[in-house]
Amino acid sequence: MTSKIFRSIFLVAMCILAACFVMIISILNTYFTGVEEAQMESSLQFSALGVEQGGLAYLQGLDENCRLTWVDADGTVLYDTRSDVTQMENHAQREEIQEALTTGKGSSVRYSETRTEKTIYRAVRLSDGTVLRTSISQATVLYLVLGMLQTIAVILVVALAISMLLAYKLTNNIMSPLRNLDMDRLPDTPPYPELEPLLQKIKGQKQEIDKQKKELADKRLSMEFAEQNRREFTANVSHELKTPLQSIMGSAELIENGMVKPEDLSRFAGKIRKESHRLLTLIEDIIHLSWLDEDEPLRMEPVDLYAVAEEEIASLRPIASENNIQLNLLGETAVVQGIPQLVREIIHNLCDNGVKYNHNGGKVTVRISETEEKVLLSVSDTGIGIPQAHQSRIFERFYRVDKSRSKATGGTGLGLSIVKHAASYMNADITLESAPGVGTTITVKFKK
Ligand code: ADP
């Protein structure tokens, strides 16, 4: 681009120079011709007066600088200030002589054979019928140029050098704002308005690249996070599966080796059944979670929260009454777009926790309510509550505030994780309010 700009400027400068040169030569030529012609005219008038009065003697007294030719009315050359008249041919046919003889005044221009010299003639008829003619020779433009070749060459070289220098400086001036353009921090106003569309395009592309870079970084981060989660999950699952299995194996071994008294047999069988049940619940929860992780699209359908809550409360009532816990359902029918199995899962896990982490004689209340934009399902209990420090983590997989209490009540540490996943599957939000010793309220907000 730099060399192209340089060449263009240089070429333009050269063209202008050449045009100026031609114009100056032709103006000078016209001007000097005019001046010479005027001089010729006045000197002819003056000489005609001299010849009228002094005749041949006047002409013979002139020097050779001025060429004067005296021609008789029949064309015979009577006298010439430069040539021998005996050698000169008859001038009757000369244009300027003919014109002077008929009109009194004549003029003509003739070129030499090589066209390098031009001769201008002026003639005037004297009172005795003869004609006095004067002439001057001029070099033509070509001859002038050739004569000035050396000077022209010097001027051309100087002009060439100046043009090159100017072209170089101009190119630099044009290019330097472009060279100094910081592509990382593009200016709001470009150095040249013509660059505006290009800059806008580059800015747009840069924004797009930045966006994609950020998306990639986010993706990488979330993949790393997912990978970390997967590792932790695998480690946790192995551990959680191992504990009940070891307990089952231990009890079975004792029975197998006859180390259990007949009266203790049913207690050991009960332990095996309880641990097996825990194992089964755990495996079911894991299958459930991994299915939710797949994010397989399921068809949403209208689900009546109130009806599902009624059924789940009924199924939990036996366990609740074992601990003297009251289960209440408030509100009325409210239909949301959801997946019945997931809604059931949410209500079951929240109510189950409300019962598990409650005091003897406590209360669990399920409320179904509606606002203009949402349908709310909230489960409140009067239980042990969750300390502030744990509140942001209880939705993580296998996270428990009190591990022993969770295990004692058959918890897997996956219940709230399933609730969170199921809710997000149905585009519902979850909020938690809890205070230790007061109780917990978890609210799921379904979009209408
Ligand atoms: P778990 O199977 O252990 O109940 P969850 O995922 O359902 O697992 O709950 C995670 C932890 O959050 C529980 O172990 C418990 O410490 C705490 N938690 C959940 N719900 C309640 C609640 N209603 N009251 C007090 N603590 C709760």
Side-chain angles (χ1 to χ4, degrees), residues 229 232-233 236-237 239-244 247 274-293 309 312-313 315-317 319-320 322-329 342-367 376-425 428 430-444:
N229 270 354
E232 274 177 21
F233 184 65
N236 279 328
V237 165
H239 177 76
E240 296 291 330
L241 288 175
K242 222 169 119 186
T243 319
S247 171
K274 203 175 148 204
E275 290 299 338
S276 305
H277 182 258
R278 207 174 123 203
L279 207 58
L280 195 69
T281 317
L282 187 66
I283 290 166
E284 273 171 5
D285 279 358
I286 291 168
I287 291 170
H288 227 98
L289 260 181
S290 68
W291 177 79
L292 280 170
D293 277 346
E312 285 311 307
I313 284 176
S315 77
L316 282 168
R317 225 178 267 289
I319 309 168
E322 270 176 31
N323 297 292
N324 289 324
I325 291 166
Q326 218 181 304
L327 269 169
N328 302 314
L329 175 61
L342 298 188
V343 173
R344 190 174 298 283
E345 210 66 59
I346 290 174
I347 298 176
H348 179 87
N349 285 341
L350 291 181
C351 291
D352 188 38
N353 281 353
V355 173
K356 276 195 302 190
Y357 304 106
N358 217 325
H359 307 291
N360 199 305
K363 254 197 220 170
V364 175
T365 310
V366 180
R367 271 188 196 83
L376 312 182
L377 159 80
S378 75
V379 180
S380 314
D381 62 62
T382 53
I384 58 171
I386 304 160
Q388 184 71 37
H390 297 275
Q391 285 182 13
S392 63
R393 302 204 57 192
I394 53 161
F395 291 94
E396 288 174 22
R397 293 168 188 192
F398 296 114
Y399 190 85
R400 292 138 164 150
V401 178
D402 181 350
K403 212 164 187 157
S404 52
R405 176 157 188 159
S406 162
K407 281 193 177 168
T409 50
T412 59
L414 293 175
L416 284 185
S417 192
I418 291 173
V419 169
K420 187 179 135 195
H421 264 68
S424 93
Y425 204 100
I430 298 182
T431 55
L432 163 78
E433 282 171 66
S434 185
V438 180
T440 302
T441 300
I442 294 180
T443 309
V444 184

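Order of appearance sets the numbers: ligands from 1, and atoms from 1 within every ligand. Just so it is clear, the model here is predicted, and its values are computed rather than measured.
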Does ligand 1 come near enough to Val401 that some N or O of the ligand is less than 3.5 Å from an N or O of the residue? yes
Thr412 heavy atoms, cut-off 4.0 Å: which ligand 1 atoms fall inside? 2 (O)
Under a 4.0 angstrom heavy-atom cut-off, which atoms of ligand 1 come close to Ser406? 1 (P), 3 (O), 14 (O)
Pair Ile386, Val401 - check side chain to side chain contact (heavy atoms under 4.5 Å, CB included), show working. CA-CA 8 Å; Ile386 304 160; Val401 178; 4.1 Å; yes
Which of the ligand 1 atoms, numbered from 1, are nearer than 4.0 Å to a heavy atom of Tyr399: 10 (C), 11 (C)
Starting from atom 26 (N) of ligand 1, locate the nearest protein heavy atom and write down its residue, its atom name and how far away it is, to 0.1 Å. Ile386 CG1, 3.3 Å
Report, in ascending order of atom number, the atoms of ligand 1 lying under 4.0 Å from any heavy atom of Lys356. 1 (P), 2 (O), 4 (O)
Counting neighbours of CD on Glu396 that are heavy atoms of other residues, nucleotides or ligands and sit closer than 6.0 Å, is the number greater than 12? yes
Hey, is the main chain of Thr412 close enough, under 3.5 Å, to the side chain of Arg278 for a donor-acceptor pair? no
Within-cut-off N or O pair, Gly415 and ligand 1, under 3.5 Å: yes
Minimum non-hydrogen distance to atom 5 (P) of ligand 1, winning option of Ile384, Leu416, Val419: Leu416
Do side-chain atoms of Ser406 reach the backbone of Asp402 as a donor and acceptor pair under 3.5 angstrom? no
Contact with ligand 1 for Asn349, non-hydrogen, under 4.0 angstrom: no
If the threshold is 4.0 Å, N to carboxylate O, is there a salt bridge linking Asp293 and Arg397? yes
Could you check which of Asp402, Thr382, Asn353 puts a non-hydrogen atom nearest to atom 19 (C) of ligand 1? Asn353
Atom pair CD1/CD1 of Ile430 and Ile346 - distance to nearest 0.5 Å: 6.5 Å
Among all protein heavy atoms, pick the one closest to atom 15 (C) of ligand 1 and tell me residue, atom and distance. Tyr357 CZ, 3.5 Å
Which of the ligand 1 atoms, numbered from 1, are nearer than 4.0 Å to a heavy atom of Gly413: 1 (P), 2 (O), 3 (O), 6 (O), 8 (O)
Which protein heavy atom lies closest to atom 23 (N) of ligand 1, and at what distance to 0.1 Å? Asp381 OD2, 2.9 Å
Please write down residue, atom name and distance for the protein heavy atom closest to atom 12 (O) of ligand 1. Ile394 CG2, 3.4 Å
Looking only at the side chains, is there a donor atom on one of Thr441 and Ser380 sitting less than 3.5 Å from an acceptor on the other? yes
Side chains of Asn323 and Asn360: is there a donor and an acceptor less than 3.5 Å apart? no
Could you tell me whether the side chain of Ser247 and the main chain of Thr243 form a donor-acceptor pair under 3.5 Å? no
